[in-house]
Amino acid sequence: MTDLVIGSGPSGVSVATALLNRGRQVLMLDGGRRLEAPAQDGRDGLAAKDPDTWTAADVQGWQAPQFDTPPGQVRRFGSDFAMVPGAETLVSPDRIGLRASHATGGLSNLWGSAVLPNRAEDIADWPIGIEDLSPHYRAISEFLPISGRVDPLQTLFPALSMQDRALLTPSPQAERMLVYLDHHKTRLAKLGAHAGAARLAVGTGCRYCGQCLHGCPWGLIYASGQTLDALRRNPAFDYRTGLVRRFEEHADHVTVTLDDGEPLHADRIFVAAGVLETARLMLASSPGPAARLQLQDSQHFFLPSLHRWRARRRPDRRPYHTLPQIFIELDDPDISPHLVHAQVYTWNEFYAHDLISSYGSKLPGSAPLWRMLARRLIVAQAFLHSAHSARIDLTLAPDGRLVPTVQSNDETEQVMARATARMAQVLKLAGLTPLSFALRPGDVGSSFHVGGSVPMAQAPGAGQSDILGRPHGLSRVHLVDASSLPNIPATTITFSVMANAHRVGMLVP
Ligand SMILES: Cc1cc2nc3c(=O)[nH]c(=O)nc-3n(C[C@H](O)[C@H](O)[C@H](O)COP(=O)(O)OP(=O)(O)OC[C@H]3O[C@@H](n4cnc5c(N)ncnc54)[C@H](O)[C@@H]3O)c2cc1C
Ligand code: SF4
């Protein structure tokens, strides 16, 4: 028998890497959805050409499906392969932004690739500390490419050294902001703010073609399918597709049942199916933990601004990338005992598109005005710790979907207001005029920084897991995605999920 890993997303490949490095036999299962042939052909066609030779029709054809995405869905590469439509997982998906994935590589086919480790102080109430995670951040960075540079964020996050890393060159707008912020570093410090270049999981060789939010034609934005390809070269590793519906733990093994009723037996299982699918599995399995699980969200909001300077170069002319450009961390107990994390996005094609579709029809002939405004628009996406955010109760419906109920948090509005006011001060120092009246909170779950449904505890009780992710009462089932995190700090989630999954894989008996 073997170790069975359910899921090939970032958490699945991380635990599998650790298990294989210890000489264990691993079978990985995932939903197996991949980019379909027509979309793959479009991608290959674009990648075969130099971006300077792309025609306007090439670019429009690549971008159009993303502009046409239904609400709640995130689409890249012109395909929905990586995101399960909400109504397939949730009975009432309307107020919930979170979605599952049945793709090879999971949601990492869609992500923004922003990576940060946890800050020690933000996980002081966890049963494991930063010293437990640090070796695993290092192990993960051996296969996760991370671009960035040594800057003021380094001291805040010593668990991720930026020494000798390649830098994805920030856009001219972002470079200008960083110069202003550096110039005002004393005032920035008084505001309890730290800023630096975004840390991004992007490989070297970027062509600065600006298609990041539509799908990188060259696959330079990390997706965990890349690590899966490497794992498949290991003779101790086996991979197959198939959706798991439930599991059952016995004295000396675990049985999982696939969608078509086929049973599989394993010594241990490592559940890395993403927080919604993991919750569904837990609620459907025997012995189940409870009839109800509660997910913790890290709520986010968007604060738009306009830059005040006269640009020497148009931001919509290549070269540029459209991933997050700058990270800003607010560290002030008057706002929150935890960090507030923000990612700054400069020009991208969605700005003009969204402005024209929202306001263009009300003012006929106004499209050029919105396009001009879009070239000055810069948006900060800020995240709060889960202590200040809503929770989502999940129960199992008779048809196997999840019934979500949002439990809002009385603190959210106040913490968001304090964070917005402070962020606006920081953005002013960066040469921007914040448009605080246009602040837009995201739907619950839409940050995708969600987890903690079976939180790790030193002495776990009902509904909790031990520090190896084993739900109370189970000894051969390990939850290694965000489900077992004790809570969700505002800083990006995936790097810590990967490090934790790797830690479990290295420590499991
Ligand atoms: C638009 C977007 C932007 C994001 N940006 C960022 C970011 O910038 N930074 C960041 O840190 N995070 C970001 N995230 C979140 C990030 O994508 C997730 O944290 C990460 O993918 C979670 O990894 P995972 O392995 O736990 O689960 P997933 O990525 O969801 O993978 C789940 C895996 O399990 C498989 N699976 C699911 N159900 C079953 C089943 N029943 N049986 C068998 N296999 C199953 C799937 O096929 C898949 O392989 C973003 C997410 C989205 C959608
Ligand atoms: S700009 Fe974005 S899409 Fe283009 S090559 Fe670089 S990472 Fe890929």
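Each ligand, and each atom within it, is numbered from 1 in the order the structure gives.
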Does [Y] offer a backbone N or O that forms a donor-acceptor pair with the side chain of [X] under 3.5 Å?
X	Y	value
R476	D267	yes
T492	L116	yes
S447	S298	yes
N109	G106	yes
Q226	G219	yes
W111	Y222	yes
R245	L258	no
Q154	L160	yes
S446	G97	no
R401	A87	yes

Check your understanding: Is R440 atom CZ crowded by more than 12 heavy atoms from other residues, nucleotides or ligands, each under 6.0 Å away?
Key -> no
Review point. Are E329 and R199 within salt-bridge range, i.e. N to O under 4.0 Å?
Key: no
Any nitrogen or oxygen of [X], side chain or backbone, less than 3.5 Å from one on ligand 1?
X	answer
Q343	no
D30	no
G112	yes
L281	no

[atom]: which protein heavy atom is closest, and how many Å away?
atom	value
atom 6 (Fe) of ligand 2	C206 SG, 2.3 Å
atom 4 (Fe) of ligand 2	C209 SG, 2.5 Å
atom 8 (O) of ligand 1	A114 N, 3.0 Å
atom 28 (P) of ligand 1	L107 N, 3.7 Å
atom 27 (O) of ligand 1	G274 CA, 3.5 Å
atom 10 (C) of ligand 1	T494 OG1, 3.1 Å
atom 38 (N) of ligand 1	E277 CG, 3.2 Å
atom 5 (S) of ligand 2	R207 N, 3.3 Å
atom 23 (O) of ligand 1	P10 CD, 3.2 Å
atom 51 (C) of ligand 1	F448 CB, 3.5 Å
atom 24 (P) of ligand 1	S11 OG, 3.4 Å

Which option, [options], owns the non-hydrogen atom nearest [atom]?
atom	options	answer
atom 2 (Fe) of ligand 2	P319, C212, G205	C212
atom 37 (C) of ligand 1	A100, G12, S101, S483	S101
atom 42 (N) of ligand 1	V13, T241, L213, V244	V244
atom 45 (C) of ligand 1	V271, L243, D259	L243

Practice item. Could you verify whether a donor N or O on one side chain and an acceptor N or O on the other, from S336 and H385, lie under 3.5 Å apart? Key: no
Review point. Side chains of S496 and N118: is there a donor and an acceptor less than 3.5 Å apart?
Key: yes
Which ligand 1 atoms are under 4.0 Å away from a heavy-atom of [X]?
X	result
A272	32 (C), 33 (C), 34 (O)
I6	42 (N), 43 (C), 44 (N)
G31	44 (N), 47 (O)
T492	11 (O)
G7	33 (C), 34 (O), 35 (C), 49 (O)
D481	26 (O)

**Study point:** Part of S113 within contact of ligand 1 (heavy atoms, under 4.0 Å)
**Key:** backbone
Exercise for review: Mind checking whether Y208 contacts ligand 2 via backbone (N, CA, C, O), side chain (CB onward), both or neither, at a 4.0 Å heavy-atom cut-off?
Suggested key: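 For Y208, the contact with ligand 2 is made by the backbone alone.
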Check your understanding: Can you tell me how far the CD1 atom of I146 sits from the CZ atom of F495, to the nearest 0.5 Å?
Key ->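 Answer for the CD1-CZ pair, I146 versus F495, is 4.0 Å.
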Check your understanding: What do the steps show when you test F67 against H214 for ring pair (Phe, Tyr, Trp, His ring centres under 6.0 Å), and what is the final call?
Key -> CA-CA 9 Å; F67 291 139; H214 304 279; 5.6 Å; yes
**Study point:** Trace of the salt bridge (charged side-chain N to carboxylate O under 4.0 Å, His left out) decision for E175 with R313
**Key:** CA-CA 12 Å; E175 286 289 18; R313 193 192 114 186; over 6 Å; no
Point to revise | Sub-4.0 Å atoms of ligand 2 with respect to non-hydrogen atoms of Q211 | key: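 Counting atoms of ligand 2 from 1, those under 4.0 Å from Q211 are 3 (S).
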Check your understanding: Short list, please: which atoms of ligand 2 are under 4.0 Å from a heavy atom of G210?
Key -> 1 (S), 4 (Fe)
**Study point:** Heteroatom N/O/S of C216 within less than 2.8 Å of atom 6 (Fe) of ligand 2
**Key:** no
Exercise for review: Classify the ring geometry between H136 and H502 as parallel (under 30°), tilted (30 to 60°) or perpendicular (over 60°).
Suggested key: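 Taking H502 first and then H136, their aromatic rings sit tilted (interplane angle of 30° to 60°).
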**Study point:** H449 to ligand 1, any heavy atom closer than 4.0 Å
**Key:**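 A heavy atom of H449 does come that close to ligand 1.
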Practice item. Would you please determine whether G242 falls within less than 4.0 Å of ligand 1 on a heavy-atom basis? Key: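 For ligand 1, residue contact (heavy atoms, under 4.0 Å) with G242 is present.
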